[in-house]
Amino acid sequence: MPHRTNQETKNKSLSFEFFPPRDIEGQDKLLAGAANKLAALKPDFVSVTYGAGGSTKEGTKQIVQRLLGQKLDAVPHLSSGTTSDEDILAMLQEYQAQGVKQLLCLRGDQLSGHGQQPTYAKDLINLVKHQFQDQFNIIVGAYPEIHPDSPSAAAEFKFFKEKVDAGANSAITQYFYNAEAYAYFLEGCQKHNIEIPIIPGIMPITNYASLIRFSGKAGADIPRWLDHAMQDKQHDEADLTKFGVEVVTRLCERLFELGAPGLHFYTLNRWGASSKICANLNFN
Ligand code: FAD
């Protein structure tokens, strides 16, 4: 863990998520912009998403390599989807040669009309472990508000426990704005003997329409009061962002009270709101 001077955040992990830009110019912009600005906060790692069905395979690899080159611990997201086991293993060999130490293993978002076999994150972890044993630290997704495909809360814990038993070392949650969902989730994990660190995923609020669209797909609940407040400010980006920073700062403070071991920011390749929230929380 990087050296943090502030007592409140001394033992808290901090990480930032990026998506792979479309082209080299986009990569340059990310490296000079968000990655560079957020690196000043000494994150434990930065992660890079992986498009559904492997659609960003090359882009994810390229930007992971460039982030590693900037001395950031870059963590690729990975899902099996339509990619063969051989191709996944070849990619892992490349990652290992580049110096990747951690992977975020996912089922991934399902591509519609692709006739995919249901493979779960657990299956990908088994594949990684079979070939690489403990050479990679494994992070997985967790869903305090219950994954949209889960038939019940009980099933959510059962399947989450299977990922942990397969070898997950820690988990990052889907984002949420209701801190009590996290509190109940931690209690549920305790009851199911799930002992890995569960790091809340944090989505800063900067754009109302895209947040609503994305939350519907991800199964992230937007509380009614928050929805209304954001609607009122949706056409004034500065006002919405200022309000969002306040709301999310308070959420993070509450999550620390509940025992969150760190925070993972879904940055959407922007740095303004994430860095303001981190400053409010005294990450330095
Ligand atoms: P899993 O843990 O495999 O679970 C998926 C669903 O299947 C759940 O409903 C679970 O309850 C159910 N399930 C699990 N095992 C079984 C079983 N044995 N039998 C029946 N049902 C089962 N998506 C991307 O495409 N790219 C990304 O880069 C990406 N990054 C993400 C990062 C984080 C931190 C998180 C939380 C999510 C991310 N996602 C990403 C979204 C994620 O891929 C979707 O939420 C996906 O639908 C579930 O992935 P998972 O690995 O959590 O699924």
Side-chain angles (χ1 to χ4, degrees), residues 13-21 44-61 63-64 74-83 88 91 95 102-112 114 116-128 137-176 181-182 185 188-189 192 194 196-203 214-221 260-269:
S13 71
L14 180 65
S15 51
F16 298 108
E17 179 173 308
F18 303 124
F19 61 82
D44 294 72
F45 64 87
V46 295
S47 77
V48 181
T49 61
Y50 189 75
S55 54
T56 67
K57 206 187 294 176
E58 288 309 315
T60 300
K61 260 196 299 191
I63 195 71
V64 161
V75 177
H77 296 203
L78 186 61
S79 62
S80 30
T82 50
T83 314
I88 296 269
M91 202 187 323
Y95 277 143
Q102 314 193 60
L103 302 168
L104 207 160
C105 291
L106 298 151
R107 177 192 75 172
D109 285 329
Q110 303 292 82
L111 288 176
S112 53
H114 236 266
Q116 267 174 271
Q117 286 298 314
T119 47
Y120 300 103
K122 174 190 68 176
D123 304 315
L124 180 57
I125 301 172
N126 285 333
L127 181 68
V128 176
N137 189 66
I138 307 268
I139 308 170
V140 291
Y143 301 86
E145 293 185 327
I146 310 299
H147 188 273
D149 297 344
S150 290
S152 66
E156 186 73 43
F157 286 111
K158 175 176 180 285
F159 297 136
F160 185 36
K161 173 93 168 90
E162 285 180 2
K163 291 199 279 196
V164 175
D165 291 345
N169 300 101
S170 62
I172 295 174
T173 73
Q174 183 58 279
Y175 68 89
F176 54 86
Y182 179 72
F185 191 70
C189 287
H192 290 80
I194 296 170
I196 60 170
I198 297 168
I199 297 153
I202 304 297
M203 180 70 89
F214 193 66
S215 302
K217 278 203 292 190
D221 198 31
L263 300 171
H264 176 82
F265 283 84
Y266 295 107
T267 70
L268 305 178
N269 293 5

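Just so you know, ligand 1 is whichever comes first in the structure, and atom 1 is the first atom listed for that ligand. Remember, predicted model here, so these are calculated numbers, not experimental data.
- Within the 4.0 Å heavy-atom cutoff, Phe19 does not count among the residues contacting ligand 1.
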TODO: Apply salt bridge (charged side-chain N to carboxylate O under 4.0 Å, His left out) to the pair Arg107 and Asp123, showing each step before the final yes or no.
DONE: CA-CA 8 Å; Arg107 177 192 75 172; Asp123 304 315; over 6 Å; no
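- Contact atoms of ligand 1 toward Ser150: 8 (C), 9 (O), 10 (C), 11 (O) (distance under 4.0 Å to a heavy atom of the residue).
- At a 4.0 Å cut-off, not a single heavy atom of Phe157 sits close enough to ligand 1 to count as contact.
- There is no side-chain donor-acceptor pair under 3.5 Å between Thr267 and Glu17.
- The N/O atoms of Glu17, backbone and side chain alike, include none that comes under 3.5 Å of an N/O atom in ligand 1.
- Between Val140 and Leu104 there is no side-chain heavy-atom pair separated by less than 4.5 Å.
- Taking every non-hydrogen atom of Ile172 and a distance limit under 4.0 Å, the qualifying atoms of ligand 1 come out as 34 (C), 36 (C).
- Considering backbone and side-chain atoms together, Glu156 places no N or O closer than 3.5 Å to any N or O of ligand 1.
- Using cut-offs of 30° and 60° for the angle between ring planes, the Phe16 and Phe265 rings count as tilted.
- One option in Tyr175, Phe160, Phe159 has a heavy atom closer to atom 19 (N) of ligand 1 than any other, and that option is Phe159.
- Considering backbone and side-chain atoms together, Gln174 places no N or O closer than 3.5 Å to any N or O of ligand 1.
- Between Tyr175 and Tyr266, the ring planes lie perpendicular to each other; the angle is over 60°, past the 30° to 60° tilted range.
- Between the side chains of Thr60 and His77, no donor-acceptor pair is found at a separation under 3.5 Å.
- Expressed to the nearest 0.5 Å, how far NZ of Lys161 lies from NE2 of His192 amounts to 9.5 Å.
- Considering both main-chain and side-chain atoms, Thr173 never comes within under 3.5 Å of ligand 1 through any nitrogen or oxygen pair.
- Within the listing of ligand 1, atoms 28 (O) sit less than 4.0 angstrom from a heavy atom of Thr49.
- Between the side chains of His264 and Ser15, at least one donor N or O sits under 3.5 Å from an acceptor N or O.
- With ligand atoms numbered from 1 in the order given, ligand 1 contributes 9 (O) to contacts under 4.0 Å with heavy atoms of Asp149.
- Ring-centre distance between Phe157 and Phe185: below the 6.0 Å cut-off.
- Ligand 1 has an N or O atom lying under 3.5 Å from an N or O atom of Ala121, backbone or side chain.
- When the heavy-atom distances from atom 2 (O) of ligand 1 to Lys163, Arg107, Lys217, His264 are ranked, the shortest goes to Lys163.
- The shortest N or O to N or O distance between Tyr266 and ligand 1 is not under 3.5 Å.
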